[in-house]
Amino acid sequence: MATPQQINNLQNSFQRAVNMGGSPGEVSTSPTQSFMSSIPRRVSLSKQTKALKPFSTGDIKILLLENVNQTAVEIFNGQGYQVEYHKASLPEEELIEKIKDVHAIGIRSKTRLSEKILKHAKNLVVVGCFCIGTNQVDLDYAAKMGVAVFNSPFSNSRSVAELVIAEIITLARQLGDRSIEMHTGTWNKVSKKCWEVRGKTLGIIGYGHIGSQLSVLAEAFGMHVLYYDVITIMALGTAKQVSTLDELLNKSDFVTCHVPATAETKNLLSAPQFAAMKDGSYVINASRGTVIDIPALVQAIKAGKIAGTALDVYPNEPAKNGAGAFSDELNSWNSELVSLPNVILTPHIGGSTEEAQSAIGIEVATGLTKYINEGCSVGSVNFPEVALRGLDLDQENVVRVLYTHHNVPGVLKTVNNILSNHNIEKQFSDSQGDIAYLMADISSVNQSDIKDIYDQLNATEYKISIRLLY
Ligand SMILES: NC(=O)c1ccc[n+]([C@@H]2O[C@H](COP(=O)([O-])OP(=O)(O)OC[C@H]3O[C@@H](n4cnc5c(N)ncnc54)[C@H](O)[C@@H]3O)[C@@H](O)[C@H]2O)c1
Ligand SMILES: O=C(O)CC[C@@H](O)C(=O)O
């Protein structure tokens with residue numbers, strides 16, 4: 001049941017929307033619309049539509065962690081949301097305290113939103129991963145709570161591909177070692193085991209957004225490209241898909257990983273895979289730290305089998321920047337790895353460019369704002385994707401119902417029974433696994449009806465969450 005305070009909030013907002021003249025006539029001119037108008041839309045925004053808000057926008061609280069880009073802060077501030085901003089991730093206890101209160105949380109790759117943390121989030125509506133990876137969030141549990149999760153699927157792909165190109169040349173020419181030597185006053189002009197990359201073979205594991213972008217760049221350097229993926233993907237340029245991981249390992253001079261962190265990709269490259277690689281080949285990982293068995297890699301480098309490695313991601317990564325953060329305490333193999341030759345280590349910066357972070361800030365903040373203000377879940381990674389066109393500017397006494405429920409027979413009949421006392425202008429529903437999401441615009445709704453609609457929907461058996469926008 002809604003608390004008296006919640007009902008009051010709903011009624012006050014409705015009163016403001018209907019009687020005070022401000023909200024209903026207001027046209028959203030937020031960066032949301034200007035950004036989204038530049039990309040193809042499933043739902044047309046060609047005419048001005050009524051700006052919907054969940055309740056007094058000042059009430060929307062957003063917690064942003066891990067130095068999320070200022071472009072996002074500007075979008076949220078422009079909406080009148082309350083933004084709490086932190087440069088680093090938070091310790092678990094503090095995160096649990098903070099998450100209790102907020103409607104949205106924005107994170108990057110370090111903050112783990114497990115069931116243990118999420119279950120404290122009583123008001124949470126949406127999570128924004130301001131990155132590509134979403135493995136740090138328990139997506140199923142979030143969906144079961146009615147919390148949609150958004151990310152930015154490719155805004156930093158180019159940045160990662162460019163970093164990997166730099167690493168291929170850096171490894172081939174032992175640039176890391178030469179640079180360290182010069183910093184300590186050593187002149188070591190050598191060419192032994194330093195190579196051109198032209199004519200060498202690059203093996204890409206995972207030919208998605210990053211792997212395929214990298215393929216194009218590598219061919220421009222005169223490299224041959226092989227790739228292995230669990231699905232069949234069209235080759236770009238003259239790249240060739242191979243049917244087994246072993247074939248890729250046997251034939252490549254450089255092997256680079258661009259797969260997600262899953263149970264299947266855990267230790268995808270371990271001792272047997274290093275053994276299958278060419279003598280003197282190189283290993284690169286800018287995907288997730290779980291994908292490579294680092295102790296096995298250390299042994300393969302020590303044995304002279306692998307001639308060098310570039311790593312950007314690690315099984316355990318520090319919560320914040322600072323001296324001494326990357327140590328044996330965090331990962332037991334640390335000292336051994338850093339003592340080896342031709343090892344390039346970067347602090348998970350594959351996607352950390354001004355261009356990528358700015359674009360991610362805009363994309364994810366826009367997705368969150370559209371979900372908060374309009375209920376549009378298109379682009380969510382754990383939720384059925386649903387959108388409705390906007391309401392006409394002059395439409396009054398209209399309420400948008402957002403109803404998340406378990407995907408079982410008979411729910412829509414019950415819901416539409418409740419809504420059919422009014423005029424259902426339009427509705428759209430979709431499901432994903434156990435979760436279904438309904439958006440409906442209903443008109444002829446008087447202020448006094450709101451509490452009643454809310455209470456009736458709230459009492460339905462398979463409800464997960466309800467929001468009413470007006
Ligand atoms: N270092 C960084 O800063 C950084 C930046 C962006 C992305 N990433 C990480 O890079 C990885 C790849 O990103 P993307 O955008 O290219 O992802 P993507 O989803 O576009 O592509 C991943 C590809 O891997 C394939 N794949 C999945 N499991 C596989 C397996 N077991 N064997 C072979 N192929 C498999 C998929 O079919 C897909 O084609 C993700 O883990 C992402 O989190 C890291
Ligand atoms: O910015 C980050 O923390 C993560 C970057 C990258 O790994 C991603 O998943 O996009």
Side-chain angles (χ1 to χ4, degrees), residues 64-69 72 87-89 106-112 128-137 139 149-164 166-167 203-217 226-236 239 241-249 255-270 273 284-292 310-315 317-321 344-361 363-364 381:
L64 292 182
L65 306 178
E66 300 187 53
N67 206 19
V68 163
N69 194 263
K87 273 192 168 293
S89 56
I107 59 169
R108 289 171 62 185
S109 55
K110 288 192 193 99
T111 304
R112 273 194 59 68
C129 297
F130 285 78
C131 53
I132 291 181
T134 52
N135 58 298
Q136 66 282 37
V137 181
L139 297 176
V149 179
F150 289 81
N151 72 339
S152 173
F154 47 76
S155 292
N156 64 18
S157 312
R158 173 70 187 205
S159 301
V160 181
E162 287 187 11
L163 178 78
V164 173
E167 289 173 341
I204 301 174
I205 307 178
Y207 203 67
H209 290 112
I210 298 171
S212 56
Q213 180 80 202
L214 175 61
S215 168
V216 174
L217 296 178
L226 299 177
Y227 63 93
Y228 169 72
D229 201 292
V230 282
I231 54 174
T232 303
I233 301 183
M234 185 187 77
L236 298 180
Q241 181 157 13
V242 293
S243 50
T244 64
L245 179 58
D246 257 6
E247 184 180 349
L248 179 132
L249 297 172
V255 171
T256 183
C257 301
H258 299 287
V259 291
T262 61
E264 291 73 38
T265 62
K266 190 170 163 53
N267 289 337
L268 189 66
L269 297 187
S270 188
Q273 288 71 36
I284 299 172
N285 186 20
S287 60
R288 282 291 179 265
T290 49
V291 174
I292 285 193
L311 304 177
D312 186 46
V313 288
Y314 310 91
E317 297 181 0
K320 56 181 181 204
N321 291 346
I344 310 294
L345 303 176
T346 47
H348 202 150
I349 50 158
S352 296
T353 60
E354 297 283 0
E355 292 93 336
Q357 292 306 312
S358 159
I360 289 172
E363 187 181 2
V364 180
V381 295

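For the single chain, residues carry numbers from 1 onward in sequence order. We count ligands from 1, going down the list as the structure has it; atoms in each ligand are counted the same way.
At least one heavy atom of Arg288 sits closer than 4.0 Å to an atom of ligand 2.
There is no protein heavy atom less than 4.0 angstrom from atom 17 (O) of ligand 1.
Applying the 4.0 Å criterion to heavy atoms of Asn156 picks out, from ligand 2, the atoms 8 (C), 10 (O). Within ligand 2, counting atoms from 1 as listed, the ones closer than 4.0 Å to a heavy atom of Gly133 are 8 (C), 9 (O), 10 (O). Those atoms of ligand 1 that come under 4.0 Å of a heavy atom in Gly133, given as number and element, are 43 (O). Set against the non-hydrogen atoms of Ile231, the atoms of ligand 1 under 4.0 Å away are 37 (O). Atoms of ligand 2 lying under 4.0 Å from any heavy atom of Arg108, numbered from 1 in the order shown and given with element: 1 (O), 2 (C), 3 (O). Of all atoms in ligand 1, numbered sequentially from 1 with element shown, those under 4.0 Å from a heavy atom of Val160 are 4 (C), 5 (C), 6 (C). Of all the atoms in ligand 1, the ones that sit under 4.0 Å from a non-hydrogen atom of His348 are 1 (N), 2 (C), 3 (O).
Proximity of Thr265 to ligand 1, defined as any heavy-atom pair under 4.0 Å, is confined to the side chain (atoms from C-beta onward). In Ile233, the part holding a heavy atom less than 4.0 Å from any atom of ligand 1 is the side chain. Both the backbone and the side chain of Val230 come within 4.0 Å of ligand 1, counting heavy atoms alone.
Here the side chain of Asp246 pairs no donor or acceptor atom with the backbone of Leu249 at under 3.5 angstrom. Judged by distance alone, the side chain of Glu66 and the main-chain N or O of Ser109 form a donor-acceptor pair under 3.5 Å.
Within the set Ala263, Ala286, Gly350, the minimum heavy-atom distance to atom 8 (N) of ligand 1 is found for Ala286.
Nearest non-hydrogen protein atom to atom 38 (C) of ligand 1 is Asp229 OD2, 3.5 Å. The protein heavy atom nearest to atom 3 (O) of ligand 2 is Ser109 OG, 2.6 Å. Closest protein heavy atom to atom 21 (O) of ligand 1: Gly208 CA, 3.2 Å. Of the protein's non-hydrogen atoms, Ile132 N, 3.3 Å is the one closest to atom 8 (C) of ligand 2. Remark: minimum distance from atom 6 (C) of ligand 2 to any protein heavy atom is reached at His348 NE2, 3.5 Å. At the top of the distance list for atom 41 (O) of ligand 1, counting protein heavy atoms only, stands Val259 O, 3.0 Å.
The shortest N/O to N/O separation between Glu264 and ligand 1 does not fall below 3.5 Å. Between Leu268 and ligand 1, not a single N/O pair is under 3.5 Å apart. Looking at Ser157 next to ligand 1, no N or O pair under 3.5 Å apart turns up. In terms of polar-atom proximity, Gly351 is counted as a contact of ligand 1, with an N or O under 3.5 Å from an N or O of the ligand. For ligand 1, the polar-atom distance check against Asp312 finds a nitrogen or oxygen pair separated by under 3.5 Å. Backbone and side-chain nitrogen or oxygen atoms of Ile210 are examined, and one is located within less than 3.5 angstrom of a nitrogen or oxygen of ligand 1.
Considering every non-hydrogen atom in both Val291 and Pro260, the closest pair reads CG2-O, 4.4 Å.
Between His209 and Phe154, the ring planes are tilted. Angles from 30° to 60° get that label.
Applying side chain to side chain donor-acceptor pair (under 3.5 Å) to Arg288 and the options Thr265, Asn135, Asp312 leaves one that passes, Asn135. Among the candidates Asp229, Ile205, Ile284, Val164, the single residue satisfying the side chain to side chain contact (heavy atoms under 4.5 Å, CB included) test with His258 is Val164.
Contact of the Gln136 side chain with the Cys129 side chain is registered, since non-hydrogen atoms from C-beta on lie closer than 4.5 Å. Contact check for Thr346 versus Glu167: side-chain heavy atoms found under the 4.5 Å cut-off.
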